[in-house]
A.B. asks: 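My structure is below; once you've seen it, I'll send some questions.
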Amino acid sequence: MQASDSVVIIPTYNEKENIENIIRAVFGLKKCVHILIIDDNSPDGTAQIVRDLQTEYPERLFLIERKGKLGLGTAYITGFKWAIEHHYDYIFEMDADFSHNPADLPRLYAACHDEGFDIAIGSRYISGVNVVNWPMGRVLMSYFASKYVRIITGLPIHDTTAGFKCYRRQALETIPLDKIRFKGYAFQIEMKFTAYKCGCKIKEVPVIFVNRELGTSKMNSSIFGEAVFGVIRLKWDSLFKTYPQIRHD
């Protein structure tokens, strides 16, 4: 077994066109990492492709199969708990569709491992608008949604909805994962806001986000609505909460 201090969590639903290529790309990096796929009972056979690859990458590629489409947030919470149980020190979130470039993983790792940040965010908006092949309407929606979140919550983060991240294990052990409510893309906002309230040191690392070429996007208006309207409730509830504080020894 190739030991690693890092695991990349990739949630999947109908990603048969991408899953083998993304796994091979991550395992092709110079740094040895492990991968945990969390599949929500994809009817297209995504999980079977992963099972076949497990024979090629024993004890580096792991799979959790869930009984249905239970939401992005619950998939990551499941993955975080698994990673903590298995004592990984650095835990990544990443999409399966190559919108997140595997070559950027070492940069996120370095921000946490070498520079001492608790969370590194692959940010589309820290140095302008770094998005490729998105329709202009979606670019504007995403960009101004992040602006809106910053105004309402006071989060000092440019890309509040980013889903490409590295966490130090201590950050995830501090964040009360069982109290995270949102299941869609608002989950990404809630995790950042909670981490900020817990005193986590956060760095945005500039990345280029590329729209998927294969498969179907899971974004829709209801997901976006949860992100926009849930932010007000998130801020309101925070006024009456006490957050645990991360220790920086």
Side-chain angles (χ1 to χ4, degrees), residues 1-29 31-100 102 105 108-109 119 122 163-173 175-188 190-191 194 212 214-218 223:
M1 176 180 178
Q2 285 183 277
S4 178
D5 62 356
S6 304
V7 63
V8 179
I9 301 171
I10 304 177
T12 55
Y13 183 77
N14 285 351
E15 291 289 356
K16 69 176 182 180
E17 297 94 345
N18 294 303
I19 192 62
E20 179 172 352
N21 289 337
I22 197 73
I23 287 170
R24 292 192 185 281
V26 172
F27 283 152
L29 295 172
K31 174 174 171 50
C32 175
V33 299
H34 293 174
I35 297 176
L36 171 64
I37 305 294
I38 301 180
D39 186 71
D40 273 6
N41 197 28
S42 297
D44 71 347
T46 297
Q48 184 57 55
I49 296 171
V50 177
R51 285 194 293 271
D52 292 343
L53 287 169
Q54 284 182 303
T55 62
E56 187 175 341
Y57 300 106
E59 299 186 332
R60 287 188 70 191
L61 177 60
F62 304 94
L63 172 66
I64 294 175
E65 296 182 69
R66 305 201 299 172
K67 295 185 181 298
K69 196 174 181 184
L70 303 177
L72 181 76
T74 63
Y76 274 126
I77 296 295
T78 297
F80 293 157
K81 291 180 176 180
W82 183 94
I84 290 168
E85 267 181 41
H86 289 79
H87 308 293
Y88 290 97
D89 292 322
Y90 301 94
I91 300 155
F92 295 83
E93 293 184 17
M94 185 177 178
D95 289 348
D97 61 6
F98 283 93
S99 55
H100 303 148
L105 289 169
L108 298 180
Y109 176 82
I119 302 170
F164 191 23
K165 301 202 287 292
C166 177
Y167 294 89
R168 287 176 64 240
R169 176 162 47 87
Q170 290 87 340
L172 292 177
E173 289 173 335
I175 295 169
L177 296 175
D178 289 330
K179 295 183 179 179
I180 299 295
R181 293 191 309 267
F182 292 123
K183 296 182 178 180
Y185 281 80
F187 163 81
Q188 302 292 5
E190 186 175 8
M191 282 294 292
T194 305
R212 68 161 64 232
L214 301 173
T216 304
S217 172
K218 314 306 185 292
I223 287 173

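Along the sequence shown, residues carry numbers from 1. The basis for the numbers below is simple: all heavy atoms, side chains too, and nothing from hydrogens, waters or symmetry mates.
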A.B. asks: Not counting sequence neighbours, which residues clear ring-ring contact (aromatic ring centres under 6.0 Å, His included) with Tyr109? List them please.
C.D. replies: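 Only Tyr90, His113 meet the ring-ring contact (aromatic ring centres under 6.0 Å, His included) criterion with Tyr109.
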
A.B. asks: Say you draw a straight line from NZ of Lys165 to CG of Leu108; how long is it, rounded to the nearest 0.5 Å?
C.D. replies: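 Here the interatomic distance stands at 10.5 Å.
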
A.B. asks: As an exercise, state the distance from CD1 of Ile10 to CD1 of Ile23, rounded to the nearest 0.5 Å.
C.D. replies: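 Going from CD1 on Ile10 over to CD1 on Ile23, the span is 6.5 Å.
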
A.B. asks: Please report the closest heavy-atom contact between Thr12 and Ala96, naming both atoms and the distance.
C.D. replies: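 Shortest heavy-atom separation between Thr12 and Ala96 comes out as CG2-CB, 4.1 Å.
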
A.B. asks: With side chains defined as the heavy atoms from C-beta onward, is the minimum distance between Glu20 and Leu53 less than 4.5 Å?
C.D. replies: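 With C-beta onward as the side chain, the pair touches.
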
A.B. asks: Without swapping roles, check the side chain of Ser6 against the backbone of Val33 for a donor-acceptor pair under 3.5 Å.
C.D. replies: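 It does not hold such a pair.
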
A.B. asks: Is there a side-chain contact (heavy atoms from CB on, under 4.5 Å) between Arg168 and Glu173 once you walk through the steps?
C.D. replies: CA-CA 9 Å; Arg168 287 176 64 240; Glu173 289 173 335; over 6 Å; no

A.B. asks: Once side chain to side chain donor-acceptor pair (under 3.5 Å) is applied, do any residues pair with Ser42, and if so which ones, sequence neighbours excluded?
C.D. replies: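 Partners of Ser42 by the side chain to side chain donor-acceptor pair (under 3.5 Å) criterion, ordered by chain and then number, come out as Asp39.
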
A.B. asks: For His100 and Asp95, indicate whether the former's side chain and the latter's backbone hold a donor-acceptor pair under 3.5 Å.
C.D. replies: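 Between the backbone of Asp95 and the side chain of His100 there is a qualifying donor-acceptor contact (under 3.5 Å).
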
A.B. asks: Pairs in or reaching into residues 78-92: which pass salt bridge (charged side-chain N to carboxylate O under 4.0 Å, His left out), with residues at least two apart or in two chains?
C.D. replies: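 The answer is Lys81-Asp178, Asp89-Arg169.
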
A.B. asks: Provide the closest heavy-atom pair for Ile119 versus Ala171 in the form atom of the first, atom of the second, distance.
C.D. replies: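 Answer, listing the atom of Ile119 first, then Ala171: CG1-CB, 4.3 Å.
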
A.B. asks: Out of curiosity, Glu15 CD to Asn21 CG, how far, rounded to the nearest 0.5 Å?
C.D. replies: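 Interatomic distance, Glu15 CD to Asn21 CG, rounded to 0.5 Å: 11.5 Å.
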
A.B. asks: Less than 4.0 angstrom from a charged side-chain N to a carboxylate O is my criterion; do Lys31 and Asp5 meet it?
C.D. replies: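 The answer is yes: the pair qualifies as a salt bridge.
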
A.B. asks: Start with the C-alpha distance between Glu56 and Arg24, add both sets of side-chain angles, then the distance that settles salt bridge (Lys or Arg N to Asp or Glu O under 4.0 Å), and finish with yes or no.
C.D. replies: CA-CA 10 Å; Glu56 187 175 341; Arg24 292 192 185 281; 2.7 Å; yes

A.B. asks: Just to verify, which of Tyr88, Trp82, Tyr57 counts as forming a ring pair (Phe, Tyr, Trp, His ring centres under 6.0 Å) with His34?
C.D. replies: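 Single pass found, and it is Tyr88.
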
A.B. asks: Does Ile35 offer a backbone N or O that forms a donor-acceptor pair with the side chain of Arg60 under 3.5 Å?
C.D. replies: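 Here the side-chain-to-backbone pair does not exist.
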
A.B. asks: Check whether Thr46 reaches the backbone of Tyr13 with its side chain - one donor and one acceptor, N or O, closer than 3.5 Å.
C.D. replies: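 Checked: no pair found.
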
A.B. asks: Side-chain contact, heavy-atom cut-off 4.5 Å: Tyr167 with Met191?
C.D. replies: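 Yes, side chains in contact.
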
A.B. asks: A side-chain contact here means heavy atoms from C-beta on lying under 4.5 Å apart; do Pro11 and Asp40 qualify?
C.D. replies: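 Not in contact.
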
A.B. asks: What distance do Ile49 atom CD1 and Ile37 atom CD1 have between them, rounded to the nearest 0.5 Å?
C.D. replies: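 Spacing of CD1 (Ile49) from CD1 (Ile37) equals 11.0 Å.
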
A.B. asks: Answer whether the closest heavy-atom distance between the side chains of Val8 and Leu36 falls below 4.5 Å.
C.D. replies: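 A side-chain contact under 4.5 Å is absent here.
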
A.B. asks: Examine distances only and state if a side-chain atom of Glu93 and a backbone atom of Phe164 form a donor-acceptor pair shorter than 3.5 Å.
C.D. replies: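 Side chain of Glu93 to backbone of Phe164: no pair is present.
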
A.B. asks: Output the distance between atom CD1 (Ile38) and atom CZ (Phe80), rounded to the nearest 0.5 Å.
C.D. replies: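 So the CD1 of Ile38 and the CZ of Phe80 are separated by 8.5 Å.
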
A.B. asks: Quick one: pull up CD1 in Ile19 and CG in Asn14 and give me the separation to the nearest 0.5 Å.
C.D. replies: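 Between atom CD1 of Ile19 and atom CG of Asn14 there are 11.5 Å.
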
A.B. asks: With heavy-atom distances below 4.5 Å as the criterion, would you say the side chains of Cys166 and Ile91 are in contact?
C.D. replies: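 No, side chains not in contact.
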
A.B. asks: Among residues two or more places apart or on two chains, list those pairs meeting salt bridge (charged side-chain N to carboxylate O under 4.0 Å, His left out) that have a residue in residues 43-54.
C.D. replies: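 As it turns out, the salt bridge (charged side-chain N to carboxylate O under 4.0 Å, His left out) pairs with a partner in residues 43-54, which skip direct neighbours, are Arg51-Glu65.
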
A.B. asks: Could you work out, with ring-ring contact (aromatic ring centres under 6.0 Å, His included) as the rule, every residue matching Phe92, not counting sequence neighbours?
C.D. replies: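 Phe92 satisfies ring-ring contact (aromatic ring centres under 6.0 Å, His included) with no residue once adjacent residues are dropped.
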
A.B. asks: Report the C-alpha separation of Met94 and Ile9 in whole Å, then their side-chain angles, then the decisive distance to 0.1 Å, and conclude whether the side-chain contact (heavy atoms from CB on, under 4.5 Å) test is met.
C.D. replies: CA-CA 6 Å; Met94 185 177 178; Ile9 301 171; over 6 Å; no

A.B. asks: Can you name the closest pair of heavy atoms from Phe98 and Ala25 and give their distance?
C.D. replies: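 Taking every non-hydrogen atom into account, CE2-CB, 4.0 Å.
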
A.B. asks: Applying side-chain hydrogen bond (donor to acceptor under 3.5 Å, both in side chains), which residue pairs with at least one partner in residues 70-79 are found, sequence neighbours left out?
C.D. replies: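 Qualifying pairs: Arg66-Thr74.
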
